[in-house]
Amino acid sequence: MITGSNRIFERLKEENGFKDTEEEKTPIFALETNSDKILFAIHGQRWYYFKNKPKVILDKETGLLWANLAYFPWENRYYISEVKKVMKKFSKDNYEGWKVPKRSEIWPIFYDKTSPFDLDGRGSEEKWLVINEISRRASLLVSGVGSTYSPFDDNSGYLLPNSDVLVADTDYLARISEDNKAYSLKERLQATLDLFIQNDLWPVFDDDEITQLYKRIYIDKEEDSEAQEKSFSIKFDYTKLLEKYDIQAINASVIQYYQAVQQWTGELLAIMNDYEEQKESVIRQFRNIELKLSGKYHRDESLTEDENCLLKERQKYFQEKFSLDFDQVRSRILSVKKQADALESRIDEIDNGDDAIHELAVLEQEPRASFLLLAENTAKIFRKFLGKVESFAMNHPYIADAVGSLEKWTDDYRVFKTTYKEDFKSSCEEDGVEDEIWSVWFEQWRSLRYAAEQKVQPMIEHGLEGGFTADHADDDNKAIEILNALEMYKRSVDKFYLEERKSIYQKYAFQSGGELQDRLETESALYHYVAELQSALQKIIFSCQDKDDRLFILKWADGLVDFQIDRIFEFVADHDLQEMAETILNEFAELKRKSYHIYLKDAKAYSEEKSRREKQYNSLIYKMRKNLAR
């Protein structure tokens, strides 16, 4: 039987989000840096003691500080008149803002199994002071399952104070909320890490290695070696190297000039060699991809000129994007050093001649880049190389997927133009479909496949050039997800032509106006696959956090979405049907002008508009078919 107090207990559990089972504590991001390891630990831990603030405890989920009962005199029973004095005394050394907790703040920790207080286990006779947020009058809460709120005659109880001093007037709760889709999991965890850092706290983690790691990075301010490796191109400051060079004196003396250039290039090459050793595995992976893409494009006779051009330009883009140029960078720096060596040799030759004064004067007047410009330029070349390697290291999973996807799409298109075409031809000829008919079908099929093929490189480029950066915490890269959706659309179109196109033709082959009915039913069927692609894209669009990414996907998909409508206009023009249904054609034109962009902020509105558009298309097709049947 459920008592009144139990009902209150169940209601309060529900209101405060208490769950009887613990949630999964596994984050969905790779542990690539020491900071990632700390964020991982934060993901799995709610309560924190602090090495440098031992008298307080933090609840990550609320940002509230609670008194550590090992230091706070909770065993004493306090009358309401004494509470303010006790908390004021506690505030002297342990932040400000200490107060008696609200009911809504104390109930969740009573039943949190990870809570350090274990209040429910102290005995049902113990009483904990709370504030009734409705009447703002002091009342007492009796610990124990099924307890209710009621004042006691003696107006005394055990006190467990808390403080919101760390999070008051901040957006902390908004940043950590799972309901706030503006932040990824990693960003929500970063909010807690920022809270520690900004308040100079040294949290105690369940894993002592993480506690010590936090101390090294954020208390002792030691360099995070992994982060340093990842951002060496940013940390590489050539101006620090230049501090030991007297640039004015170097520019004033040819001899000091060549000696400085020799020293400078030697230093750069030494740093480059060390970096190559540190990043050996990354550079090897980079070179493997570079080798895979390095082949010369060979024109395929089974493809049209446009198709060959598309695949050739695609390969060229990726070759340039993933060309490491390691040896070229080294040779450029060595070339500068050789020019300095040549300058030294020339002076040696002058020293051995009889006209040194004149020849040195000529040499001194010859134009040459200032040492500062030369140093800046060689450092720029080196830094560009570093950035390329580190960008590859940070995005290697996506790059590997992107290159694999590129190869697959290219191979599949060649299979389409050879194997699929032959299979389609044989199937049609077996059923007596004339060459002039099936060849038209295949050209229509090819136009759909080619339109999809044109979308591959722009999507991969968007991902490589910084798109979807707000979503990199996710396991699946958005660009690859979108290409997978496009792959499903492509397979649906292939299946339609290989298995269904012929039966539609046979259905209308001997009917009056059958050719037109055949085409309209075909277009209607193909539009269904476009609608399926839109549904898949919708989920991805509204999982993107950046508005620019959402707009990019919409613009990227526009051509495919409008493709079927464009084909209707072509169909009408080819068959001189403009006067047959002018009103209907105007409706098609209006349908094409409709934009989804205004619905980007509302997934439901977007979905409803997509459904309306699909229904309108089908309705217009029906009207045209009905018109043709008259």
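Hydrogens, waters and symmetry mates are skipped; everything else that's a heavy atom, side chains included, is used.
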Without swapping roles, check the side chain of [X] against the backbone of [Y] for a donor-acceptor pair under 3.5 Å.
X	Y	answer
Q45	K60	no
D549	F468	yes
N308	R299	no
T170	V167	yes
S177	A174	no
S331	D327	yes
E359	I350	no
Q198	L195	no
Q339	S335	yes
Y245	F371	no

For [Y], is there an ion pair with [X] - N to carboxylate O distance below 4.0 angstrom?
X	Y	result
R284	E290	no
R346	E366	yes
D494	R491	yes
E267	K244	yes

*Taking the inter-plane angle between the rings of Y420 and F416 on a 0 to 90° scale, is it parallel (under 30°), tilted (30 to 60°) or perpendicular (over 60°)?*
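Because their plane-to-plane angle is over 60°, the rings of Y420 and F416 count as perpendicular.
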*In terms of the angle between their ring planes, are Y48 and F205 parallel, tilted or perpendicular, with boundaries placed at 30° and 60°?*
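Rings of Y48 and F205: perpendicular, over 60°.
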Nearest heavy-atom neighbours spanning [X] and [Y]:
X	Y	result
F196	P203	CD1-CG, 3.7 Å
L537	A557	CD1-CB, 3.7 Å
S405	L483	OG-CD1, 3.6 Å
F382	V329	CA-CG1, 4.5 Å

*CA sep, side-chain torsions, deciding dist, call: Y238, T378, side chain to side chain contact (heavy atoms under 4.5 Å, CB included)*: CA-CA 10 Å; Y238 72 91; T378 50; over 6 Å; no
_Result of checking R449, E407, K417, E453 against D412 for side-chain contact (heavy atoms from CB on, under 4.5 Å)_ =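 Going through the options one by one, the only one that passes is R449.
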*asked:* So, applying side-chain contact (heavy atoms from CB on, under 4.5 Å) with V261, which one of L374, L343, D341 is it?
replied: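 Among the candidates, only L374 passes.
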Enter the distance from [X]:[atom1] to [Y]:[atom2] here, rounded to the nearest 0.5 Å.
X	Y	atom1	atom2	value
I381	I333	CD1	CD1	6.5 Å
R550	D548	CZ	CG	11.0 Å
Y489	Y529	OH	OH	10.5 Å
L269	D274	CG	CG	11.0 Å

*Find out whether the Lys NZ or Arg CZ of K337 is both under 6.0 angstrom from the six-membered ring centre of W264 and within 45° of the ring's axis.*
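Geometry flag: not set, cation outside 6.0 Å or 45°.
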*asked:* Using a 6.0 Å distance limit plus a 45 degree cone around the ring axis, check whether R446 lies over the aromatic ring of Y450.
replied: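 Positive - R446 is close enough to the ring of Y450 and near enough to its axis.
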*Take I399 and F286, measure what side chain to side chain contact (heavy atoms under 4.5 Å, CB included) needs, and give me the verdict at the end.*
CA-CA 10 Å; I399 291 171; F286 203 134; over 6 Å; no
*Step by step, would you call Y172 with D194 a side chain to side chain contact (heavy atoms under 4.5 Å, CB included)?*
CA-CA 10 Å; Y172 176 76; D194 290 344; over 6 Å; no
Are side-chain N/O atoms of [X] and [Y] paired as donor and acceptor at under 3.5 Å?
X	Y	result
S302	R414	no
R330	N273	yes
S35	Y218	yes
Q457	Y317	no
Q444	S447	no

Counting only heavy atoms not in [X] (residues, nucleotides, ligands), do more than 12 fall under 6.0 Å from its [atom1]?
X	atom1	result
D354	CG	no
D351	CG	yes
E465	CD	yes

*Which is it for K380 and N377 under the side chain to side chain contact (heavy atoms under 4.5 Å, CB included) test, yes or no, and what are the steps along the way?*
CA-CA 5 Å; K380 179 204 72 177; N377 192 56; 3.3 Å; yes
